[in-house]
Enquirer: 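Before we start, here is the structure in question, set down as structure tokens.
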Amino acid sequence: MKELNSASDPIGQNLIKLISNVCFSVFVFTVLIFTVIAITYQPPDPWESSRALTRVFTEFENATFQNDNSVLKTGEDVAFSPAVSPSAMSIAITDAVIEKSAENYTNLTLSSGCEDVSTVNCSGHMVLIAIEKFNMKAFKSILFLEYQTPVNGSKPDECDVAWRFRNKKEKSWRKYRDFRRFRIGFGENCTYKVLSAKGWHSGINARRPRSRVSPSRNDENATLTLGSEINDTIPVLGSDAAFRRRKYLYYSRGGDYCKGMNQYIWSFLCSLGEAQYLNRTLVMDLSLCLPATYTSSKKDEEGKDFRFYFDLEHLKEVASFAEEGEFLADWKRWDKTHKKKIPVRKVASYKVTPMQLKKDKSTIIWRQFDAPEPENYWYRVCEGQAAKYVQRPWHALWKSKRIMNIVSEISGKLDWDFDAVHVVRGEKAQNKEMWPHLDADTSPDALVAKLQGIVQPWRNLYIATNEPFYSYFDKLRSHYKVHLLDDYQELWANTSEWYNETRLLNGGRPVDFDGYMRVEVDTEVLYRAKTRVETFYNLTTDCKDGVNTC
Ligand SMILES: *[C@@H]1O[C@H](CO)[C@@H](O)[C@H](O)[C@H]1NC(C)=O
Ligand SMILES: *[C@@H]1O[C@H](CO)[C@@H](O)[C@H](O)[C@H]1NC(C)=O
Ligand SMILES: *[C@@H]1O[C@H](CO)[C@@H](O)[C@H](O)[C@H]1NC(C)=O
Ligand SMILES: *[C@@H]1O[C@H](CO)[C@@H](O)[C@H](O)[C@H]1NC(C)=O
Ligand SMILES: *[C@@H]1O[C@H](CO)[C@@H](O)[C@H](O)[C@H]1NC(C)=O
Ligand SMILES: *[C@@H]1O[C@H](CO)[C@@H](O)[C@H](O)[C@H]1NC(C)=O
Ligand SMILES: *[C@@H]1O[C@H](CO)[C@@H](O)[C@H](O)[C@H]1NC(C)=O
Ligand SMILES: *[C@@H]1O[C@H](CO)[C@@H](O)[C@H](O)[C@H]1NC(C)=O
Ligand SMILES: *[C@@H]1O[C@H](CO)[C@@H](O)[C@H](O)[C@H]1NC(C)=O
Ligand SMILES: *[C@@H]1O[C@H](CO)[C@@H](O)[C@H](O)[C@H]1NC(C)=O
Ligand SMILES: *[C@@H]1O[C@H](CO)[C@@H](O)[C@H](O)[C@H]1NC(C)=O
Ligand SMILES: *[C@@H]1O[C@H](CO)[C@@H](O)[C@H](O)[C@H]1NC(C)=O
């Protein structure tokens with residue numbers, strides 16, 4: 001029957017074949033389309049011109065395409081979802097929350113009448129509620145997270161209060177602390193009212209007593225107890241068994257070492273991206289080389305701790321890494337004490353792609369980068385096809401909390417109410433070929449003329465700049481309250497918290513507040529301004545990357 005059927009109806013058979021072929025083709029095509037869409041999707045990247053960066057780094061000697069090194073955007077400056085760490089989540093104190101907690105106490109205050117209005121009871125709840133309401137009105141850019149019970153100030157009508165906050169402009173979930181002194185009076189119906197408030201960190205009685213360790217020289221364990229708010233101790237791998245359980249991706253030092261810091265970030269994030277793609281622990285060298293452009297000695301300086309610049313505590317939370325020295329020691333110890341050596345896959349060239357390594361079961365994948373420049377740059381691993389699979393985890397890289405504390409201090413001292421101008425000068429201003437008008441457009445007179453149309457007279461004006469000459473902006477001082485980073489030197493001077501804390505990280509040796517830290521602070525203060533004036537687009541018509549690039 002079957003044979004007869006097929007023989008007598010070849011047309012029907014072919015038709016079915018044809019239809020199924022067409023269907024299959026459509027299916028394959030659809031899958032292909034979806035795959036292409038899926039692998040070409042890229043998450044946001046904080047560096048606007050990052051696509052041109054690969055070219056930038058390989059032709060680094062040309063000042064031409066150099067990307068802007070007077071600002072540094074990192075993960076906390078860009079919105080990533082989810083922007084809130086579940087473990088660190090706190091509820092912001094809103095007007096509704098204050099009303100709710102006020103309700104519980106209004107009955108008490110009202111019933112007490114106006115007999116004892118002469119004394120202010122700082123620990124009474126209504127004082128805190130009055131202060132919360134005041135802060136909410138005064139600092140619109142701040143999210144208040146938690147308050148401590150107010151304590152007595154220096155006079156009977158003063159109260160000191162400490163709280164934690166977050167700036168709405170920062171996309172991270174980091175919290176900062178402030179404590180201020182308030183003068184309390186009585187309003188209508190004998191309720192408390194804030195008459196006046198002092199500045200940033202003025203409420204010294206509310207400052208939490210610090211249990212500090214005296215930093216003795218080369219005290220390795222000092223870092224363990226360092227500033228209770230920042231826990232950026234280097235994670236330990238632990239026992240042999242724990243060491244063996246994990247799989248590692250190890251990048252030897254490559255040609256990026258001592259190149260620009262932008263290149264460092266671009267390369268480091270490539271290695272971290274590959275480690276995440278391969279589901280491996282990245283072995284990290286926490287010792288950086290700071291290039292000469294940022295050092296006071298004008299020479300490359302080695303041995304800079306990653307933690308001077310970046311937030312290791314955050315990195316620990318979101319990525320898996322091991323410190324190189326510790327890793328090598330554990331590896332050596334294992335190979336000494338065990339007959340069976342640890343399986344290692346050595347990879348000589350970046351041309352071996354992450355996709356080819358995905359199936360590799362070796363405990364350690366060791367990328368060696370021995371080739372001559374520019375074949376030995378880490379970021380080359382992420383070029384070409386690999387770029388579709390490996391994504392740079394920008395959200396993992398935040399600026400150091402110690403740097404951000406300085407940013408908060410400066411913004412707090414300005415009561416979060418300031419405007420800022422970013423003035424790019426330096427090499428670009430001298431290169432008339434690429435930026436013909438920049439020098440003139442950022443001259444003191446041009447700045448005065450231009451800013452007057454944008455920033456109200458006598459506002460606080462913060463100037464983020466790579467112009468080294470402090471008095472360069474003096475002409476603006478007859479129009480604005482000018483603030484420059486150097487006005488805040490006490491924040492990193494040898495009497496500062498920053499100085500103490502970075503010294504602990506540095507084995508007891510003082511740390512230089514270098515050019516790269518300055519760029520980090522300038523960037524973040526700039527982003528907290530109410531009105532922000534940029535050099536390119538706002539002050540000059542020259543293009544950011546040189547003539548004919550915009
Ligand atoms: C780099 O500079 C050289 C000469 O100094 C020039 O020929 C070359 O075009 C420049 N490269 C770029 C990308 O501008
Ligand atoms: C108000 O008081 C009630 C009971 O005394 C308590 O459960 C509630 O948490 C309080 N609300 C606030 C906002 O303090
Ligand atoms: C406050 O007083 C009102 C009326 O006297 C009463 O209804 C309310 O329950 C009281 N609130 C509290 C939290 O005691
Ligand atoms: C101040 O307020 C707190 C909390 O309401 C109360 O425990 C304390 O007795 C008050 N002190 C004075 C001197 O009234
Ligand atoms: C705070 O001041 C009030 C009155 O001014 C006083 O009664 C109280 O004892 C003081 N509290 C502390 C903790 O010193
Ligand atoms: C004072 O109390 C009166 C009546 O109880 C009320 O109408 C008024 O709104 C209150 N004023 C304030 C500022 O709370
Ligand atoms: C500090 O480190 C030394 C070795 O570096 C160790 O012997 C000592 O027990 C450590 N002290 C503490 C308190 O951890
Ligand atoms: C710091 O974090 C590590 C984990 O990375 C943890 O083991 C350690 O207990 C923490 N130290 C403090 C003082 O919180
Ligand atoms: C990643 O590795 C860990 C252990 O190293 C394993 O538990 C986990 O299942 C792996 N995840 C994927 C997606 O392979
Ligand atoms: C801090 O530096 C000043 C000069 O810059 C010096 O006189 C002073 O002794 C230093 N203090 C400490 C504690 O190192
Ligand atoms: C820094 O450390 C010194 C010496 O240990 C100490 O006297 C000083 O109070 C500390 N400064 C700050 C701001 O913590
Ligand atoms: C700066 O220029 C940009 C782009 O032209 C514009 O959107 C922005 O409003 C300008 N800023 C100021 C403060 O004028």
Side-chain angles (χ1 to χ4, degrees), residues 46-47 53 56-57 60-61 63 66-75 223 230 232 234 251-272 284-312 314-315 321 323-325 369 373-374 376-379 396-407 424 426-427 464-468 485-486 489 491-494 496 498-499 501-524:
W47 291 354
L53 278 185
V56 173
F57 296 137
F60 218 58
E61 297 76 37
Q66 215 174 95
N67 77 328
D68 195 351
N69 57 9
S70 65
V71 291
L72 173 71
K73 275 197 202 179
T74 42
T223 49
I230 303 174
D232 56 8
I234 294 166
Y251 274 46
S252 288
R253 192 170 278 177
D256 319 82
Y257 192 69
C258 292
K259 295 287 188 311
M261 286 302 280
N262 283 336
Q263 183 165 346
Y264 170 76
I265 290 179
W266 195 241
S267 281
F268 166 67
L269 287 177
C270 169
S271 68
L272 192 60
M284 258 181 84
D285 182 1
L286 287 176
S287 167
L288 313 188
C289 171
L290 189 69
T293 43
Y294 296 112
T295 63
S296 50
S297 62
K298 300 291 164 216
K299 292 199 187 87
D300 294 349
E301 287 180 12
E302 300 190 58
K304 299 287 184 183
D305 197 302
F306 181 87
R307 295 170 288 181
F308 294 168
Y309 312 104
F310 304 109
D311 188 336
L312 196 73
H314 173 59
L315 192 63
F321 67 88
E323 194 272 322
E324 185 182 26
F369 302 99
E373 282 189 46
N376 60 354
Y377 292 158
W378 287 2
Y379 68 78
L397 192 73
W398 289 356
K399 296 184 182 77
S400 156
K401 177 82 193 295
R402 296 184 188 85
I403 292 285
M404 296 304 285
N405 282 340
I406 291 180
V407 171
V424 178
E427 280 172 27
T465 185
N466 58 353
E467 167 61 50
L485 185 52
D486 275 331
Q489 291 189 22
L491 298 180
W492 57 86
N494 62 10
S496 69
W498 179 88
Y499 178 88
E501 292 185 352
T502 49
R503 205 166 77 133
L504 282 179
L505 290 180
N506 204 30
R509 278 158 295 142
V511 175
D512 191 25
F513 189 76
D514 59 53
Y516 197 58
M517 298 168 183
R518 299 178 69 95
V519 169
E520 291 193 314
V521 174
D522 259 1
T523 302
E524 293 299 323

Enquirer: Just how far is it from atom OH of Tyr257 to atom OG of Ser267, taken to the nearest 0.5 Å?
Expert: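 One finds 14.0 Å between OH of Tyr257 and OG of Ser267.
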
Enquirer: Taking the side chain as every heavy atom from C-beta outward, state whether Met261 and Val519 have any atom pair closer than 4.5 Å.
Expert: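 A side-chain contact under 4.5 Å is absent here.
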
Enquirer: Drop me the distance from Lys304's NZ to Thr295's OG1, to the nearest 0.5 angstrom.
Expert: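 The OG1 atom of Thr295 is 7.5 Å from NZ of Lys304, to the nearest 0.5 Å.
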
Enquirer: Scan Leu290, Ile403, Asp512 and name whichever one has a side-chain contact (heavy atoms from CB on, under 4.5 Å) with Met517.
Expert: Ile403

Enquirer: Measuring only between side-chain heavy atoms, which start at C-beta, is Pro510 closer than 4.5 Å to Tyr499?
Expert: yes

Enquirer: Considering all heavy atoms of both residues, which atom of Gly303 and which atom of Ser287 are nearest to each other, and what is their separation?
Expert: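 In this case the closest contact between Gly303 and Ser287 is CA-OG, 3.4 Å.
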
Enquirer: Under the side chain to side chain donor-acceptor pair (under 3.5 Å) test, which residues partner Asp522, sequence neighbours left out?
Expert: Tyr462

Enquirer: Which value, rounded to the nearest 0.5 Å, describes the distance between Leu485 atom CG and Ile406 atom CD1?
Expert: 8.0 Å

Enquirer: Answer yes or no: is there a side-chain heavy-atom contact under 4.5 Å between Thr74 and Asp311?
Expert: no

Enquirer: Phe306 vs Phe310 aromatic rings, parallel, tilted or perpendicular, using cut-offs 30° and 60°?
Expert: tilted

Enquirer: Hey, is NZ on Lys298 packed in by over 12 heavy atoms from elsewhere, all under 6.0 Å?
Expert: yes

Enquirer: In chain order, what residues pass the salt bridge (Lys or Arg N to Asp or Glu O under 4.0 Å) check against Asp514, with sequence neighbours excluded?
Expert: none

Enquirer: Taking C-beta and beyond as the side chain, do Asn262 and Leu72 meet within less than 4.5 Å on heavy atoms?
Expert: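 Yes - at least one pair of side-chain heavy atoms lies under 4.5 Å apart.
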
Enquirer: Between Val521 and Leu491, is a side chain to side chain contact (heavy atoms under 4.5 Å, CB included) present by the stated rule, with each step listed?
Expert: CA-CA 11 Å; Val521 174; Leu491 298 180; over 6 Å; no

Enquirer: Can you confirm whether Leu505 sits close enough to Asp232 that some side-chain heavy atom of one is under 4.5 Å from a side-chain heavy atom of the other?
Expert: yes

Enquirer: Step by step, work out the side chain to side chain contact (heavy atoms under 4.5 Å, CB included) result for Asp256 and Trp266.
Expert: CA-CA 10 Å; Asp256 319 82; Trp266 195 241; over 6 Å; no

Enquirer: Could you check whether any side-chain N or O of Asp300 sits under 3.5 Å from a backbone N or O of Pro291, counting only pairs where one atom can act as donor and the other as acceptor?
Expert: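 Answer holds: no.
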
Enquirer: Strictly below 4.0 Å, N to O, side chains only: are Asp486 and Arg518 in salt-bridge contact?
Expert: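 Yes, Asp486 and Arg518 are salt-bridged.
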
Enquirer: Mind checking ring-ring contact (aromatic ring centres under 6.0 Å, His included) for Phe513 and listing every partner two or more places apart, or none if nothing turns up?
Expert: Trp492, Trp498

Enquirer: Looking only at heavy atoms, what is the nearest atom pair of Gly255 and Lys259, with distance?
Expert: O-NZ, 2.9 Å

Enquirer: Excluding sequence neighbours, so at least two apart, what forms ring-ring contact (aromatic ring centres under 6.0 Å, His included) with Tyr309?
Expert: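 By the ring-ring contact (aromatic ring centres under 6.0 Å, His included) rule, Tyr309 matches Tyr516.
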
Enquirer: So, taking the atom named OH in Tyr264 and the one named CG in Leu269, what distance separates them when rounded to the nearest 0.5 Å?
Expert: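 Here the rounded value is 8.5 Å.
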
Enquirer: Report the distance from atom NZ of Lys73 to atom CD1 of Ile265, rounding to the nearest 0.5 Å.
Expert: 13.0 Å

Enquirer: One pair to check against side chain to side chain contact (heavy atoms under 4.5 Å, CB included): Ile230 and Leu312. What are the steps and the verdict?
Expert: CA-CA 9 Å; Ile230 303 174; Leu312 196 73; over 6 Å; no

Enquirer: For Lys401, give me all partners under side chain to side chain donor-acceptor pair (under 3.5 Å), at least two apart in sequence or on another chain.
Expert: none

Enquirer: Who are the side chain to side chain donor-acceptor pair (under 3.5 Å) partners of Glu520, not counting sequence neighbours?
Expert: none

Enquirer: Before giving the answer on side chain to side chain contact (heavy atoms under 4.5 Å, CB included), spell out for Leu272 and Leu315 the whole-Å C-alpha distance, their side-chain angles and the decisive distance to 0.1 Å.
Expert: CA-CA 10 Å; Leu272 192 60; Leu315 192 63; 3.9 Å; yes

Enquirer: Quick one: pull up CZ in Phe369 and CH2 in Trp378 and give me the separation to the nearest 0.5 Å.
Expert: 7.0 Å

